[in-house]
Amino acid sequence: MHRHNKASKPMGGFADAIYRLSTDLIPDYYNITLWPHLSPQPNTGLYIFTGQSTVEFECVKETDLILIHSNKLNYTTLDNTHIVRLSAPDGGSAPNIKSTWLQPKTQYLVIQLYGKLTQGQKYLLYAEFTGELADDLAGFYRSEYEEDGVRKIVATSQMHPTHARKTFPCFDEPAIKAVFYMTLIHPPGTVALSNGIETDIVNTTIDGVAVIQTTFEPTKKMSTYLLAIVISDYTNISTEEDTLIRIWARRAAIDQGQGDYALNVTGPILNFFQLYYNISYPLSKSDHIALPDFYFGAMENWGLVTYRETNLLYDPVTSSNGNKETTATIIAHELAHMWFGNLVTLQWWNEVWLNEGFATYVSYLGVNYAEPDWNVKDLIVLDDIHRVFAVDALTSSHPLSTKEDSIILPDQITEQFDTISYSKGAAVLRMLSDFLSEPVFVQGLNSYLNHFAYSNTVGNDLWHHLQMAVKANNVSLPRPVCEIMNRWVLQMGFPVVTIDTPTGKVTQRHFLLDPESNVTVESPYNYEWLIPVRWMKRGEVQGAMWWLMEKEAVNLEMRSGDLWVLANINATGYYRVNYDLGNWERLLAQLKSEHQVIPVINRAQLVDDAFNLARAQLVSTTLALRTTSYLSLETEYMPWQSTLNNLHYYYLMLDRTEVYQPMQNYIKMLVTPLFLHFKNMTSDWVRVPDRHTEQYNQVNAIRMACRTGLTECQNLTITWFKQWMDRPQHNLIEPNLRSAVYCSAIAAGGEVEWEFGWSQFEDATLASEASKLMSALACTTKVQLLERYLSYTLNSTLIRKQDASTVITAVASNRVGQSLAWDFVREHWEYMFTQYGVGAFNFASLINGVTARFSTPAELQHLGEFMEEHGAAGFGTATLAVEQALERTRANIKWLQQNKQEIWDWFNSQTGHQIH
């Protein structure tokens, strides 16, 4: 996956080819003062910040070369000689500087000395510098928003993964931890925040300018990427039990109560993690701040967590239960990192999956503690496991861990933060916790965190501590933890386990979505896994875990005669399951007669496995479709959502063909009972369903009933939207239903409805409401409106840079908008690629979005031409996405050729022609 692995070898003493720091010099602390100027410079119009920093470091091995990271900073020449000053504390002596230079390619400030630094001696390096406070969402940057018609500027930061060096010169690698003393200078009327609590706030004047100088307590020993600084005129709400918790946001948002939910949930989640890790929260406060412009969903800076507004703010009047779950889950994800990632940090970015996968897994546990009636722990199966199965079944996937020396460049580091790291990471850790049992998992985790507090680790350290817990508790495992986990971590992909119930023979093989694809990546384990299998027979879960240790084995208990067998109970294992046809028939019959006997997660799993096994040509497409026919009796969210996720591919492939109408008729037939079920449950749409997942499934019922043309549904959504248009100040549409209703009504309407949606989008004060409207505007079926909407993405005053790819992708997901979005991207690629830079724009999701429906030879040819045309300039962070799009298009063409007729026949046979 990492194509630029040709890291050049260091040449002699030149620093131009060295990307990694040596361990010759180790910092103890930094003392940093930063002054962001929140109005543009009169001569250039640029926003800038000025700063000065001192780092005290120890020389561990004598050297006459100092390499320290620095990117896009301009230095002041000191004493008319050099851009840095080197001294020794307490009047000791330091070598003189021979020369200094900046190496932009490797992002270093290089200092060549006349003499060598002495081993064991400490030195101080001082610099004064200026940087641009750009709107590039990286390092120390500026974010702008409007409040009461006034343009406001926030100076904020995103150091992770390699942008601390864009803020001040530093040893910018995660394993080089130090203490940070931070001082911020900022305009009167603003508040400065950083990782530690403010210890001193004074009004003063510098160069005749009135300013506030805020000093913070020194941080704990920590990595540079976790530093954070924010200067704003925000306000906060807070609670203080054991730890001061503050939620910061724009004044209007706080006044409207949009921070209340975050404040209510942060305390319980923080308490959960203190109990879970059995280590108290290491810092004096926990700040959470909502920013208008933010590249990632959120960032776990130690003590000052930054968020996109949509992810932290929640408005009880207009936000949906999905927004509420997002807020709770993201807060939990970031708080999980306060220990796992921040207190104990992985040595290098090649194992980022352990950090992100772990936080993703335990975020479900944290939310489950704060909101016990949501049943959120099960949703990891849909939101992470099924999602990553799709990517991990391609030959272009990659293992969770890579070799340390294959990830060197900043772009390679950024590429590590993908679905595999987050979602597969979470899935295999959930499996590990399941086969160890949670108490043993947590015991090993606690000893790992205590042992490595304030330092760094590699993944094997965690396996070692878990193994100690296994021994201490006499857990019976077929192999040591590290041997089992290496199979899941060091080879890409996952297995499909096939159970033959007549004989009890169980086999495994590497599951590939495209059976004809060739795996070129070698695996140290030959694509064999050590697989924990929980299973049931006669509707009862069988006692002990059974392990599949070879390519094939026999489990005589699984010879079931005329009873059905079901494996991977609750989908705790990271694999798919196939059966002999007889067992499939028995499972389908069980679904038809009494589906509740099969656990709800497994009902979702059966559908997902069957559809994907059919894609891989291991079962027939008809069998996959038959798993859905019981759904007219199903009211639970997970099986419905699993089905809709899988039928989404059918829509992408078939909604521009003659299969579209029979498919619509079939789904309408399935969903009508569900629609009526919710109509009845909510007393004709006036009550909100009690359960969290019922609220989700009510949205599915309305969305699909309207989409497949159920007249009663369409009339309902059009009426609701019309009532809102008549009284724009009174939106009575139930928050959970807004996304579905907006989309349905805008699709059914014309320019008037669209214009109304756009004006509401422009005026929306709540980010999540804006985001629902932003998606719904792409639902129109009118070509000229879609074209106008696409053109708005080129103007960042209409659509923020961070949202442009979302809008284009949304238009592409509309069957009318697909070709418009692709034409638009082709026409404006250069502009977007150069203007929108890497920070603010998700090129990978953009490419995925506009090519998702590609399934004809003509589209394959266009994609190839697009690659050729822009190949020279490269595709930056979308390089991999473009290659995956080619692979996916070829697979789609083949799939259509093989399956279109069979699907058409099946849909027609199910609906007959009774639906008109």
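In this text the structure is predicted, and so the values were computed from the model without any measurement.
You'll find the side chain of Leu354 reaches within 4.5 Å of the side chain of Leu429, heavy atoms only. For the pair Tyr650 and Val659, the minimum side-chain heavy-atom distance is 4.5 Å or more. Taking 4.5 Å as the limit, some side-chain heavy atom of Ile598 sits within range of a side-chain heavy atom of Trp564. No side-chain heavy atom of Thr503 sits less than 4.5 Å from a side-chain heavy atom of Val554. Inter-residue side-chain proximity for Leu625 and Glu902 is flagged as unmet; no heavy-atom pair is nearer than 4.5 Å.
Distance CG/Leu737 to CH2/Trp720: 5.5 Å, rounded to 0.5 Å. If you take OG1 on Thr360 and NZ on Lys424, they are separated by 14.5 Å, rounding to the nearest 0.5 Å. One finds the NE2 atom of His595 at 7.5 Å from the CD atom of Glu636 (value rounded to the nearest 0.5 Å). The CG atom of Asn899 sits 16.0 Å away from atom CH2 of Trp904, with the distance rounded to the nearest 0.5 Å. Between the CZ atom of Arg707 and the NZ atom of Lys668 there is a distance of 14.5 Å, given to the nearest 0.5 Å.
Asp609 and Asn578 share no donor-acceptor pair across their side chains, judged by distance under 3.5 Å alone. Looking at Asn323 and Ser320, their side chains do bring a donor and an acceptor atom within 3.5 Å of each other. In summary, the side chains of Glu887 and Thr395 do present a donor paired with an acceptor at a separation below 3.5 Å, with no hydrogens or angles considered. Between Arg615 and Asn612, the side chains place no donor N or O within less than 3.5 Å of an acceptor N or O (distance only, hydrogens not considered). Side-chain contact, Gln664 with Tyr651: a donor N or O sits under 3.5 Å from an acceptor N or O. With 3.5 Å as the limit, one finds no donor-acceptor pair spanning the side chains of Asn848 and Gln884. Checked by atom type, the side-chain pair Gln661/Asn665 shows a donor-acceptor distance below 3.5 Å. Side-chain N/O atoms of Gln617 and Gln898 include a donor and acceptor closer than 3.5 Å.
Of the listed residues (Thr635, Val671, Thr693, Thr628), just one forms a side chain to side chain contact (heavy atoms under 4.5 Å, CB included) with Trp640, and that residue is Val671.
A ring-centre distance under 6.0 Å is not found for Trp529 and Tyr574.
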* Working for ring-ring contact (aromatic ring centres under 6.0 Å, His included), residues Tyr364 and Trp374 -> CA-CA 11 Å; Tyr364 287 95; Trp374 283 2; over 10 Å; no
If you apply the rule ring-ring contact (aromatic ring centres under 6.0 Å, His included), what do you find for Phe494 with Phe389, and how did you get there? CA-CA 8 Å; Phe494 58 90; Phe389 268 165; 4.3 Å; yes
For this session: Evaluate the criterion salt bridge (Lys or Arg N to Asp or Glu O under 4.0 Å) for residue pair Arg534 and Asp434; output intermediate values, then yes/no.
Result: CA-CA 10 Å; Arg534 288 193 188 284; Asp434 178 66; 2.9 Å; yes
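Judged purely by atom type and a 3.5 angstrom limit, Tyr696 has no side-chain atom pairing as donor or acceptor with the backbone of Met638.
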